[in-house]
Every structure is written in structure tokens, then in C-alpha cells.
Number of protein chains: 2
Amino acid sequence: MREHVTPERRRGTVRDLRRDNRSVLLWSLYFDQPCTRQELSRATGLSPASVSNVVRELIEEGVVAEAGAIDSDGGRPRVLLRMNSDYGYVIGVDVGETRVRVELFDLAMTERARVDSPLDPREHGVTTIVERIHEGLSAVLADAGVDASAVLGVGIGVPGVVEQGDEVLVHGQTYGWEAVPLERLLRAGTDLPLHIDNGANTMGRAEMWFGAGQGAQHAVVCLIGSGVGASIIAHGRTHRGSTSSAGEWGHTTVVVGGRSCRCGSTGCLEAYVGAEAVLDRYGRTPGQDEETALAALLDAAGRGEGDAARVLEETALYLGVGLADLINLFNPERIILGGWAGLLLGERLLPAIRDAARSNSLKHAFSSTSIELGKLGPEAVALGAATLPIELFLNGAQLSVADRRRSAG
Amino acid sequence: MREHVTPERRRGTVRDLRRDNRSVLLWSLYFDQPCTRQELSRATGLSPASVSNVVRELIEEGVVAEAGAIDSDGGRPRVLLRMNSDYGYVIGVDVGETRVRVELFDLAMTERARVDSPLDPREHGVTTIVERIHEGLSAVLADAGVDASAVLGVGIGVPGVVEQGDEVLVHGQTYGWEAVPLERLLRAGTDLPLHIDNGANTMGRAEMWFGAGQGAQHAVVCLIGSGVGASIIAHGRTHRGSTSSAGEWGHTTVVVGGRSCRCGSTGCLEAYVGAEAVLDRYGRTPGQDEETALAALLDAAGRGEGDAARVLEETALYLGVGLADLINLFNPERIILGGWAGLLLGERLLPAIRDAARSNSLKHAFSSTSIELGKLGPEAVALGAATLPIELFLNGAQLSVADRRRSAG
DNA sequence: CGAGGTTAAATCACGTCATTAATTAAGCCC
DNA sequence: GGGCTTAATTAATGACGTGATTTAACCTCG
């Protein structure tokens with residue numbers, strides 16, 4: 001395809017028009033249900049006739065169902081409509097450091113089944129992970145009593161960069177993965193539609209759809225664990241960049257020539273605010289896992305023990321600087337602090353973090369941003385991953401159960 | 001309007017369909033002319049019948065004109081089509097530190113008139129600037145012999161943040177401007193449609209449309225002068241953020257607690273690579289302007305005099321770090337280094353800058369990015385500003401001369 | 001209990017769109 | 001000047017959303 005100077009455009013037909021209008025209606029109903037045809041008309045701008053036509057088709061397909069009625073003031077009662085949560089199912093997979101989690105949700109995002117497979121943190125071979133995912137998919141389908149053909153798709157959150165080209169390649173440095181064709185490997189054991197994305201991005205999606213990011217068009221979801229990353233949302237969409245590696249906030253430099261980072265560079269934000277780095281600074285009891293150790297550090301600071309308070313003060317400073325960089329560069333309306341360490345640190349240090357961010361941001365940019373804690377825990381990676389097929393479905397991609405059943409037939 | 005969880009969507013009708021398809025065709029012809037109807041059909045995907053219909057309308061409106069023919073191989077000759085450069089005119093305005101530049105272009109972006117109004121760098125009062133712009137608009141119209149009703153619009157590049165709300169407000173800290181309603185003030189003296197944007201963004205547009213950024217969907221245009229800023233391009237569009245202040249790259253922190261910056265903070269990139277900062281580091285002859293002084297610094301380094309080489313080596317390091325931050329966060333396919341100081345530094349130091357960027361970027365992200373010098377000089381701010389009304393026109397906004405003539409009638 | 005009124009929803013007629021198929025136009029060659 | 005080739009236009013068709021009209025589903029009142 002010939003290069004484009006500005007946003008890529010493609011010609012449309014009346015079929016596209018219908019698909020897009022139906023999509024407008026579905027998104028509206030999905031996030032605001034139940035509601036009436038008249039409410040849908042107001043919310044979408046479509047005429048009552050169009051709403052009636054589109055809703056009839058959706059009811060015929062089983063995507064939407066009537067859900068009771070509201071009495072009118074002497075006139076015909078209004079019928080309430082809702083998504084049919086049993087129309088189809090989605091699966092979210094979280095490939096974490098210590099376990100692979102697989103969750104099956106219905107269309108209302110109600111969890112129907114969950115399976116966790118523990119992982120040896122020293123053993124992240126591709127073959128192992130692929131097996132665990134396959135096992136998990138089979139297990140949740142069985143547990144939920146759901147046929148594979150009823151699954152709209154599987155979203156998978158993985159560590160590292162997910163390059164979406166002719167073939168999906170995963171570059172997971174912390175796992176030692178280099179250009180792993182994960183989708184192809186997974187397809188060897190399942191026919192379910194697969195959608196693979198970076199775990200920080202799927203966490204970001206979860207906060208945007210169901211958590212602290214709801215309603216924001218421009219946001220950054222910052223995740224702090226052992227490592228540090230971010231999901232950048234612009235115009236309601238995840239910004240991925242040209243090869244889907246955007247969001248490596250943890251490897252932006254805050255002190256040129258500063259502390260060594262595990263990525264091989266120096267002065268990275270992660271070397272100052274990543275949980276592993278903070279604990280290295282403070283020292284920790286041998287054999288203690290990071291989460292316990294960080295909680296202990298926070299307790300020690302609360303009791304005024306040793307250097308704990310000073311270490312946390314420094315951490316809040318660097319974290320604030322990192323957030324200020326995002327504020328100056330992106331101008332988000334909201335910054336959401338998440339990740340297991342981000343939530344722990346944030347609960348205690350949010351005022352200090354905000355102060356540091358204010359000091360390092362331009363006045364005007366800072367004044368139009370809020371800094372908040374995420375509402376969803378680290379286990380929302382799978383939930384966020386499950387939104388990947390939901391989005392395609394709501395956009396009218398050829399993804400309906402009927403379509404998949406026809407394809408299989 | 002009710003909050004949206006994901007990208008905002010609105011319903012369309014067949015009239016929107018037509019406008020959008022016509023827009024697809026216009027963009028194609030604008031950047032690839034002259035060409036035939038068949039080429040337009042291939043490039044846009046529209047059927048020959050649709051191309052014929054849309055082109056006929058555009059010819060009737062005077063937007064497009066036939067421009068000769070190409071013999072066929074025994075068949076009907078192909079007619080070449082081109083934009084009618086005299087269909088309408090646009091004006092670009094560059095509000096710089098030492099002058100206000102106003103340029104009038106035809107649709108082919110050929111300059112038809114230009115006026116520069118020198119400014120006392122200590123005198124950036126709003127009233128002065130507004131007067132200069134008004135004078136410039138009148139002057140270029142007179143010089144080009146163009147009637148005001150033939151102007152599609154005026155694009156204006158200004159320093160600082162341009163907040164597009166109910167009212168356009170300009171916050172230009174270096175000018176001492178705080179929430180200046182520039183559009184309203186300008187409208188008191190002209191009926192021309194006005195489009196105001198930050199000057200770094202308009203420079204970015206120029207490089208994307210006509211310069212080093214052509215063909216890129218994800219890019220960052222970095223501008224280095226006394227100050228430092230960037231224009232972020234995602235999916236071919238300028239990323240502005242929630243209140244249009246995105247791109248403040250110069251105020252991201254590269255050394256926490258480092259050098260004082262003129263913004264009031266410490267450790268900003270601008271304090272390390274802005275021309276003023278670099279010259280302060282090295283020292284300069286009293287009374288010498290920055291551009292001359294920086295050129296002298298580069299010369300001194302070439303001759304091995306004093307600390308010149310060391311200062312430039314340090315500058316390349318910090319600049320590379322700043323670029324690495326952009327690479328890690330945005331994953332652009334191209335980084336364009338511009339601004340008067342950026343071009344000066346880049347001519348000599350590009351290899352060192354790239355090395356520093358490589359050292360501070362994640363391997364994969366760096367490998368998919370190129371770092372290049374801008375092809376357009378600082379005077380492209382006005383050219384880029386002039387693309388603002390062109391974009392609206394090509395998108396089919398109610399902006400045609402016929403529309404404006406009807407509105408004025 | 002049926003008629004009238006009110007309000008919601010469905011259906012119909014219409015205008016607009018793009019595409020496919022058919023037709024016309026503009027050359028060249030013999 | 002007729003036949004052929006290729007480009008461009010026009011006609012017929014099917015799809016769309018909307019405004020207008022009709023039908024449906026209640027409630028109230030006599």
C-alpha cells in the first residue's frame with residue numbers, strides 16, 4: 001500500500017455504514033444497559049426507525065434481548081433491552097511471572113470459570129507456557145460447560161513487546177523470549193481466535209473499561225511491580241506505536257549516568273522506583289518475597305525505623321518525576337497508578353507523589369490532570385485481555401457465534 | 001455529551017458516506033497529481049462510476065481541473081486531473097520570537113506573497129502581535145491580488161500551549177501570555193477563518209506533509225532552539241492530549257535535581273540541550289546572538305579549541321537520552337530533528353546523538369526507528385500552519401470558496 | 001367492556017449512496 | 001469508414017437512514 005502523508009483513509013460503502021451504525025448502538029447498549037429504544041435513539045443519534053431496524057436484527061441474532069418493560073404515562077410501555085450475556089463467551093489469559101491465569105467470562109464480563117497454573121519463576125520456556133495456556137483453555141471451557149464454538153475469542157496478556165505483523169511475535173526480555181511466534185504455537189493446539197497483547201496494555205484496558213480510567217479519552221495507566229511500564233491511551237485507544245513497543249516508561253532516563261538497570265542501561269526510572277530496585281536500596285530479609293518485603297518497608301516507615309522513610313521519600317520523588325514526564329509529554333486528563341507495587345506505594349505516598357509531579361510539571365499541564373490509584377488489582381490483566389475480542393465483536397468484526405458456526409459448518 | 005469508555009463514535013448517514021469518499025479521493029489527488037480517473041479508482045478503491053461522479057462534481061465546483069491527456073494503447077485517451085491551485089488560497093502565520101511572518105499560498109502550496117514584521121524580542125504584548133498579524137493578512141492579500149473571500153482559512157503558529165475549548169486560549173509562558181483569547185482578539189479585525197496551533201506542532205505538520213516525515217504514521221518532530229519541544233504524531237495525526245499541551249519534551253527530566261531550567265524546575269532536558277543552556281555552559285562573546293554563538297562553538301570544536309568538543313559531546317549525550325525516552329515511550333518509526341539549533345547540532349553530531357539514543361533505548365524499539373534531520377528550516381512554521389485549513393478543506397468541512405461566498409452573500 | 005387518548009414501536013415511501021452492467025466516447029489501425 | 005481497444009459515462013440495482021404514516025400497547029372514562 002502506498003504511503004500516507006496523514007491518517008490512512010479508505011473508501012466506504014453503505015454496508016460499512018450499517019455496520020458502523022450498528023456498532024455505535026452496540027457500544028452504547030453494552031455500557032449502559034438496560035435501556036429503551038428511545039434512549040438508544042437519543043444516545044446514538046440514530047432515528048427511531050433505524051434503531052428499531054437494527055435492534056430487530058440484533059434480537060433475531062440473539063445478541064440483544066428484551067428485559068422487561070417500563071409503563072408509559074398512558075401510552076405504549078417502553079421495552080427494556082439488554083445484551084444477551086449468554087450470546088457468547090470470551091476468555092482472558094494472563095501470563096504472569098509466577099502463574100498462568102485463564103478466565104472465562106460471559107458477555108456481561110461475569111466470570112464463569114477460572115484456572116490458575118503455577119509457574120516456577122526460573123522456568124519460562126515457551127513450550128511450558130504454551131502448554132499451560134492450552135490446558136487452561138480446555139479447563140475453563142469444561143468447568144463452564146461452554147462449547148468452543150460459543151467463544152468469541154481469547155485475549156492473552158503477555159510480558160514484553162508484542163509485534164503485530166504478518167505474524168505475531170513476542171519479545172519478552174524478562175522471559176528470555178526473542179521473536180517468539182506465540183500465536184502460531186498456540187494455534188497448533190486450539191482453533192479459538194487469539195488476540196495477544198502486552199500485559200501492561202491489557203491491564204490498562206481493564207482500568208479504562210471497568211476501573212479508574214472510565215470516561216477518560218486521554219490517560220496513562222502506570223504499572224509498578226518488579227518492573228515498571230505504562231499503557232498510553234489517546235482518544236480512548238491504546239497507543240502502540242509503529243511496532244507495538246510503546247509504553248516503556250520504566251526505561252526512560254531520570255538520571256543520566258545514574259543507577260544500573262536490569263535492562264542494561266543506566267539511570268532508568270525502573271532502577272529508582274521498581275519494587276526490586278527500592279528493596280535493593282533498603283535491604284530486605286533473605287528469602288522474603290518482594291510483596292512482603294515492600295509491605296514491611298512501608299510498615300517500618302510508619303514506625304520510623306531506620307532509613308525506611310527516607311527511601312520512600314526518595315521513591316515518591318522519582319515516581320513523581322516519572323509521572324511529570326508523562327504529564328508534560330502526553331497531557332493526559334488522568335494518570336492511573338497501578339501494579340501491585342504501585343498500589344502499595346500509592347496508598348501511603350500519593351500526596352508526596354503528587355507533590356513531586358507538580359514540582360516537575362508545567363503548571364498548566366499539571367492543572368488539567370488527576371493522579372489516582374487504580375481500582376483493579378493485578379489480576380485484572382486477564383479481564384483486560386478479555387476485552388480484546390469484545391471490542392472486535394462490538395465493532396462488528398466477523399466474530400459472531402453465528403459467523404463462527406457458519407465457518408465451522 | 002455522555003462519557004465514552006473507548007473512542008467516541010457517532011452515527012453516519014449516506015451523506016457522510018459521500019463526503020468521506022470524496023475526501024478519500026481529494027487526499028489521494030492532492031498528494032499524487034496529476035493522475036487519471038483510473039489511477040484514482042485504484043488508489044482509493046472507489047468504483048470507476050463513483051470516481052466519475054465525484055470528479056464531475058469537483059470539476060463543476062472548480063476544485064479539480066483537467067490537465068491534458070495521455071494516449072491509450074488504441075483506446076480512449078486518459079485524461080489527467082489536477083487540483084486547481086487557484087481554487088482557493090490559504091495563509092500561514094508564524095509568530096516567532098523576533099518577527100511575525102505571514103505567507104499566502106495557493107492550493108499547491110506555492111507561495112504567492114510573504115510579509116515579515118520584525119519584533120523587539122522584549123516586546124511581545126498581545127496587542128502588538130494582533131496588530132502585526134492583521135497588518136500581515138492585509139498585506140499578503142494585497143500583494144497577491146487575492147480577495148478575502150477566496151481564502152479558505154488562516155493557520156497560525158504561536159509559542160506555548162493552545163487550548164482548544166469553547167474559546168481558543170493561548171498560554172505562552174515565554175511571552176508572558178496567560179490564557180490569551182487570541183482568536184477572539186484576531187476576529188475583531190478579520191472575518192477570515194482562523195486556526196491556531198502551537199508552533200512546534202505546525203512545524204511538525206510541515207515536516208510530515210512536505211519534509212522528512214513524509215510517509216510515516218508514527219513520528220516525533222523534535223525542535224531545538226533556545227527552547228526545546230516536540231510534535232508527536234500518532235496514526236498520522238498530531239497528538240495533543242486533553243488540553244492541547246502535549247509535546248513538552250524539553251521539560252521532561254533527565255537529571256533529577258539537576259540544572260535549573262528557565263521554566264522554574266530542575267533537571268529538564270532543555271537545561272541541557274537548549275541552545276541557551278549549551279551556550280551558557282560554554283560561554284559566549286557578549287552581544288553575540290545565539291545562532292552565531294552556537295555556530296562559533298561548533299567551529300571551535302572542529303579546531304579542537306578549549307572545552308568546545310567536550311561540551312558538544314555532553315550535549316549529544318543528553319540529546320540522545322532525550323530521544324531514547326521518546327523511542328521507549330512512543331515507539332515512533334521516525335524521529336526528525338529540527339529547529340534552528342537542532343539542525344546545526346545535528347549536522348555535526350548526528351552519529352553521536354544516535355549512539356547515545358541507542359545506548360539508552362531498548363534494543364527492539366531502537367531497531368525500528370530512524371533518526372533524521374528535518375528537511376525544512378525554521379521558516380516552515382508558517383507553511384505548516386497553512387496546512388491546517390487545507391486539511392479541513394480536503395476533509396470536506398464546509399470550507400469551500402463557494403460555501404464562504406454563499407455565507408457572505 | 002369498548003371507545004378515545006396517549007405514547008412506543010414498526011412499517012412504508014422516499015431520497016441518497018456506491019456498484020455492476022450496459023452504453024457511449026475517443027482514439028488508432030487497417 | 002468500419003472494427004477494435006480502452007476510457008468514461010449512464011442506467012439499473014440494492015443498500016442505507018429518515019420522515020411520515022400506521023400499528024401496537026397500554027390507561028382512563030363513561
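Just so it is clear, the structure is predicted and the values come from calculations on it, not from any experiment. Just so it is clear: chains get the letters A, B, ... in the order the sequence lines come, proteins before strands, and each one is counted from 1.
Of the candidate nucleotides D/dA15, C/dA9, C/dT19, C/dT19 has the atom lying nearest to any side-chain atom of A/Thr13. Listed nucleotides: D/dG19, C/dT19, C/dA8. Nearest to the side chain of A/Gln38: C/dA8. Closest to the A/Ala49 side chain, of the nucleotides C/dT7, D/dA20, C/dG27, is D/dA20. For B/Ser52, whose side chain is taken as the heavy atoms from C-beta onward, the closest listed nucleotide among C/dA26, D/dT10, D/dC27 is D/dT10. The side chain of B/Arg76 lies closest to D/dA7 when the candidates are C/dA8, D/dA7, D/dC27. Nearest to the side-chain atoms of B/Ser72 among the listed nucleotides C/dA9, D/dA7, D/dT18 stands D/dA7. When distances run from any side-chain atom of B/Ser47 to the nucleotides C/dT20, C/dG27, D/dA15, the shortest one goes to C/dT20. Comparing C/dT19, C/dA25, D/dG14 by their closest approach to the side chain of A/Val14 singles out D/dG14. The side chain of A/Arg37 lies closest to C/dA10, out of C/dA26, D/dC16, C/dA10.
Not one N or O on the side chain of A/Glu333 forms a donor-acceptor pair closer than 3.5 Å with the backbone of A/Ala216.
Of the two residues near DNA chain C, A/Arg78 and A/Gly12, the one whose nearest nucleotide lies more 5' is A/Arg78. In this structure, A/Val79 and B/Gly75 both approach DNA chain C, and ranking their closest nucleotides by distance from the 5' end singles out A/Val79. Mapping A/Glu57 and B/Asn53 onto DNA chain D by nearest heavy atom places B/Asn53 at the nucleotide closer to the 5' end. Ranked by how close their nearest DNA chain D nucleotide is to the 5' end, A/Arg15 and A/Asp73 are led by A/Arg15.
Using modelled atom types and a 3.5 Å distance limit, the side chains of B/Asn331 and A/Ser244 yield no donor-acceptor pair.
Across the protein-nucleic acid pair, A/Leu58 atom CG and C/dA9 atom P stand 15 Å apart, rounded to whole Å. Rounded to an integer number of Å, the gap from CZ of A/Arg42 to P of C/dT7 is 14 Å. Rounded to whole Å, the distance from CD on B/Glu39 to C1' on D/dA8 is 15 Å. Atom pair A/Asn21:CG and D/dA15:C1' shows a separation of 13 Å (rounding to whole Å applied). In this structure, A/Asp16 places its CG atom 12 Å from C1' of D/dA15, rounding to the nearest Å. Rounded to whole angstrom, the span from the CD1 atom of A/Ile59 across to the C1' atom of C/dA9 amounts to 11 Å. Look at CZ on A/Arg19: it is 16 Å from P on D/dA15, rounded to the nearest Å. One atom, CG of B/Leu17, and another, C1' of C/dT19, lie 12 Å apart when rounded to the nearest Å.
The residues B/Glu61 and B/Arg22 are annotated as salt-bridged, a charged nitrogen and a carboxylate oxygen being separated by less than 4.0 angstrom. A salt bridge is absent between B/Arg9 and A/Asp20; no separation between the charged side-chain nitrogens and carboxylate oxygens falls under 4.0 Å.
Using a 4.5 Å heavy-atom cutoff, the side chains of A/Asn21 and A/Leu46 are in contact.
Residue-level contact check: A/Val51 touches neither bases nor backbone, having no heavy atom under 4.0 Å from any strand.
When each of B/Arg78, B/Arg56, B/Arg37 is paired with B/Glu66, the salt bridge (Lys or Arg N to Asp or Glu O under 4.0 Å) condition holds for B/Arg37 and for no other.
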